[in-house]
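The structure displayed is predicted, hence computed values, not measured ones.
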Amino acid sequence: MLKLKIEVVEELKNKGYNTTRIRREKLIGEKTMQDMKSGIVPGIKVLDTLCRVLACQPGDILEYVKDEETNE
């Protein structure tokens with residue numbers, strides 16, 4: 001299962017992207033922002049935006065964690 005490795009919203013704030021700026025520049029939707037705060041992994045388009053804005057690679061944001069229920 002993929003999980004967020006970092007607090008994405010906090011990292012965006014550290015780079016100067018508060019919620020007002022994110023909305024104004026239409027970078028990420030409000031629902032997606034709320035989902036990420038809850039730990040839900042964003043889609044590929046948002047991941048692409050995050051990598052561009054945060055100047056990082058997908059592996060800096062996501063990690064794979066073995067699912068305990070299915071051991072996969």
Taking the side chain as C-beta and beyond, is there a heavy-atom pair between [X] and [Y] under 4.5 Å?
X     : Y     : value
Ile28 : Met36 : yes
Leu2  : Glu63 : no
Lys5  : Ile61 : no

Interatomic distance, Asn18 atom CG to Arg24 atom CZ [nearest 0.5 angstrom]
7.5 Å
Output for pair (Lys13 NZ, Ile22 CD1), nearest 0.5 Å, gives 9.0 Å
If every non-hydrogen atom of Tyr17 is compared with every non-hydrogen atom of Val53, which pair is closest and at what distance?
CE1-CG1, 3.2 Å
Under 6.0 Å from the CD atom of Glu7, do we count more than 12 heavy atoms belonging to anything else shown?
no
Just wondering, are more than 12 heavy atoms of other shown residues or ligands nearer than 6.0 Å to CD in Glu30?
yes
Checking Arg21 against Glu25 for the salt bridge (Lys or Arg N to Asp or Glu O under 4.0 Å) test, could you report, in this order, the C-alpha distance in whole Å, the side-chain angles of both residues, the deciding distance, and whether it holds?
CA-CA 6 Å; Arg21 182 176 178 188; Glu25 295 182 17; 2.8 Å; yes
Which atom pairs, one a donor and one an acceptor, fall under 3.5 Å between side chains of residues 39-52 and the rest of the protein, sequence neighbours left out?
unit_1: Thr49; atom_1: OG1; unit_2: Lys45; atom_2: O; d: 3.2

